[in-house]
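Contents: one structure, followed by commentary.
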Amino acid sequence: MRQGARLRLVLRDLASGCAFASMAVSGQLPLWTLGLYIVGLVAALAGKRLFARRAKLTALLLLGVAAVLVVNVTAGTLNLVVAACAFAGLISAHRLLSAPDPATDGQVHLSGLLMVAGGAALSGDLIYGVFLIAFGVLASVSLALGVVEAAVPEGEPLPVRAVLRPLSTGVSFAVAGAIAFFILFPRLNWNMTGPRAAPGLGPASTGFSNTVRLGGTGTIKGNPRVVLRATLNPDPGVEALGAYWVGRTYDIFDGLEWTSAGGVKHLREPLLTLRPGGDNLVHQRVELLPAYGGQTLIALETPSRLGNAVANSTTGSRRTHLQEMYGGEARFVESGLSYSYEAYSLPPGGSGDSFRRLPSVEQDALLALPEALDPRVAQTAARILNGEREPLAAAQKLATWLQREFSYTLELSGDREDPLADFLFERKAGHCEHFATALTVMLRTQGIRARLATGFFGGERVNDAYIIRAGDAHAWTHVLVPERGFVTVDATPPAHRPSQGSKWVQQLLALYEALESRWRNSVVDYSFRDQVDVARALVRPPKGSENPERSSLPPPRAWGAALVAGLMAYAAWRMVVRWTGRPRPLDATRFVDAVDAVLASAHVSRGAEETLEELDARLAREHHPITRALTPVTRRYLEARFGGRPLRQGEARQLLSTLRNAVSQHTRSMDRASRAS
């Protein structure tokens, strides 16, 4: 392998790896294709071209892989777009392990383009964008080094260091041109038929289920994954929201776990009205991200209306109906990896629900107690309340006592036969589910109706939206208060309600979320309307510069933008002129190859290390007859190769014709001399 060619191959292989990674970050490629490609890439980077001698034979392996993918697609276990992306990656891996030549290089880069296109169809998120840019830079430099390698005669070292600087300049201009093209070229809204939602950083992690089992460790509390993003109107304008986001309510407790008494209330509805609203509703546009993993809608407490839901799955996005459950829960009818919808919620202070309007099964369950409830629970509640009978005051009194007398912990090893009694009378430590369960059950022992609610607590501002993490999962108590309905009372100590995860991990993920949001808003969702806004912003007067005498001339920033565009166009023109006007060593190299071919017909050849100039000097010393024709050819070659005077149109043909005539005359004279002797 020539000196410097190794760098080109490494850049080519890394570019292919970035292209494959742009698809792999979607998490939708089959694991076995991921493993095969990684093995191929590692071997290629180590310089092991395992298929170099059996390229056609090993290509049969791709037929076997294609058959497996077709079977999976036919069986419905694999999406067609995902299968095509996986096959493109395996084609690239096969080419990486084949003998490096110009055709193989082209196939590797072409498969790389197919893979980044597949990555856009599978996810298109921020990490995809990073790999896309890396692929563009690495592939461009590799292609440019390939051009240089083809121009340098065989046996001469590649001037890698000399060309890297102009290559970097060229790549920088290419990136700037791509950005300008992206901003200015009219956008087309394509409805991609491929998968649009990806699980991102991994499977769902919130653990939302039909039951809440008391006990065990609270590992989810330390999970920093973002599960919900919402914009609010009116915007609270605070960094930490400190709000309750309700999902489900539970009213039956058997001593170990909570369940719901009611079933399905409405089977399929495009829009649900859970309770009457007013003019002061808080509007929410909510996104449930793949890390959520449930089908229950989450909204600010207390939701009034829910609807306009869209489910995003591996086969695209579609409208979905909602299902209302007793207890105020709303679920998506169709399953998906992520969802978006709108919700309207009442201001905090009460649900407005009337006890008499609740179904009888829910009315009965609001005072139900476990059959084997420890009698000390009721005795303790009566002692703490000391005759207090007003529901909200009693709930607040018990919550204050729990927060004062009990500690918060996420580590609760071992199963307990009676986890509530264990929390109240033995360990005296637990997490939010223990505090909420204790408050709810103690209220019921005193004839006060209450239920358990689960969802999330908090809201961290990122750009114009609020995000909720898996660690913000929370449980609290709904107390039924006359004339106000269900009112939230939280017995968990305030400091332990939000996520308990590592702060630096949360900050790191928050930074990623901010970048990802910026990427999605500025790149993925960049539309024709945004282009029009950019153009209008250039000619619109800046805020605060209201001048009664409006000028017909564009504002200064329009002139500045035009100046920058003009400078970029001038720089590009200079590069084109310099490129087209530079000497073309490739023509000179081909010319000297043609000269060698003509000389070979006269049985004149150069030595192993002999240059054309040295050959001409040697023939001149030997008074060879073709010297008179060869000398001007040699001089013109040197000027074209190293003197900056490229061969003109038709000049090479004329010089070769003269040399060919001289060789023919020499050959004929040699033949006549041979016959005469």
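FYI, side chains are in, hydrogens and waters are out, and symmetry mates aren't considered; it's all heavy atoms of this structure.
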T249 backbone acceptor or donor facing S260 side chain under 3.5 Å: yes
Aromatic contact, F423 with F435 (centres under 6.0 Å): yes
For the student: nearest non-hydrogen atoms of V479 and A395, plus distance: CG2-CB, 3.5 Å
Between I252 and A365, what is the shortest heavy-atom contact and its length? CG1-CB, 4.1 Å
Exercise: identify the closest heavy-atom pair between A394 and L443: C-CD2, 4.2 Å
Pair W258, T437: side-chain N/O donor-acceptor within cut-off below 3.5 Å: yes
Under a 3.5 Å cutoff, is there a donor and acceptor pairing between the side chains of T296 and E329? yes
Note, H474 side chain near T454 side chain (heavy atom, < 4.5 Å): no
Heavy-atom count around E405 CD within 6.0 Å, excluding the residue itself: above 12? yes
In this structure, are over 12 heavy atoms from other groups packed under 6.0 Å from R404 atom CZ? yes
Could you note down all residue pairs passing salt bridge (charged side-chain N to carboxylate O under 4.0 Å, His left out) where residues 264-276 supplies at least one of them, sequence neighbours left out? K265-E324, R268-E334, R275-D353
Hey, would you say the F332 and Y341 ring centroids sit under 6.0 Å apart? yes
Tell me, yes or no, whether the heavy-atom count around D464 atom CG, taken from other residues, nucleotides or ligands under 6.0 Å, exceeds 12. no
Centroid-to-centroid, W476 to Y244, below 6.0 Å? yes
Could you verify whether a donor N or O on one side chain and an acceptor N or O on the other, from H478 and E301, lie under 3.5 Å apart? yes
Please examine the side chains of F355 and V481, heavy atoms only from C-beta on, and report whether any two atoms are closer than 4.5 Å. no
Considering all heavy atoms of both residues, which atom of T477 and which atom of A436 are nearest to each other, and what is their separation? OG1-O, 3.2 Å
Show the nearest heavy-atom pair for residues T320 and A311, with the distance to one decimal. CG2-N, 4.0 Å
Would you indicate whether the side-chain heavy atoms of S351 and V487 approach each other to under 4.5 Å? no
Taking the side chain as every heavy atom from C-beta outward, state whether L241 and P236 have any pair of such atoms under 4.5 Å apart. yes
So does V238 get a backbone contact from the side chain of Y466, meaning a donor-acceptor N/O pair under 3.5 Å? yes
Look at the side chain of R461 and the backbone N and O of I467, then say whether any donor-acceptor pair between them is shorter than 3.5 Å. no
For W401 and F406, I'd like to know if the aromatic rings sit close, meaning centre-to-centre distance below 6.0 Å. yes
Tabulate below the donor-acceptor pairs under 3.5 Å that side-chain atoms of residues 342-350 make, not counting sequence neighbours, or state none.
unit_1: E342; atom_1: OE1; unit_2: H283; atom_2: NE2; d: 2.6
unit_1: E342; atom_1: OE2; unit_2: N308; atom_2: ND2; d: 2.9
unit_1: S345; atom_1: OG; unit_2: Q284; atom_2: NE2; d: 2.8
unit_1: S345; atom_1: OG; unit_2: L300; atom_2: O; d: 2.6

Is there a side-chain contact between Q295 and S335, using heavy atoms and a 4.5 Å cut-off? yes
Heavy-atom side-chain proximity of V333 to L322 below 4.5 angstrom: no
Using modelled atom types only, decide if a donor and an acceptor are shared between the side chain of R469 and the backbone of R225 within a distance under 3.5 Å. no
Quick one: does R389's side chain have a donor or acceptor within less than 3.5 Å of a partner on Q446's backbone? yes
Please check this pair: side chain of Q403 against backbone of D490, looking for a donor-acceptor N/O pair closer than 3.5 Å. yes
Any side-chain heavy-atom pair from L480 and I448 closer than 4.5 angstrom? no
When rounded to the nearest 0.5 Å, the distance separating CG of N233 from CZ of R285 is 10.0 Å
For residues L358 and Q363, report the shortest heavy-atom separation together with the two atoms involved. O-NE2, 2.7 Å
Is the shortest heavy-atom distance from the side chain of L288 to the side chain of V227 under 4.5 Å? no
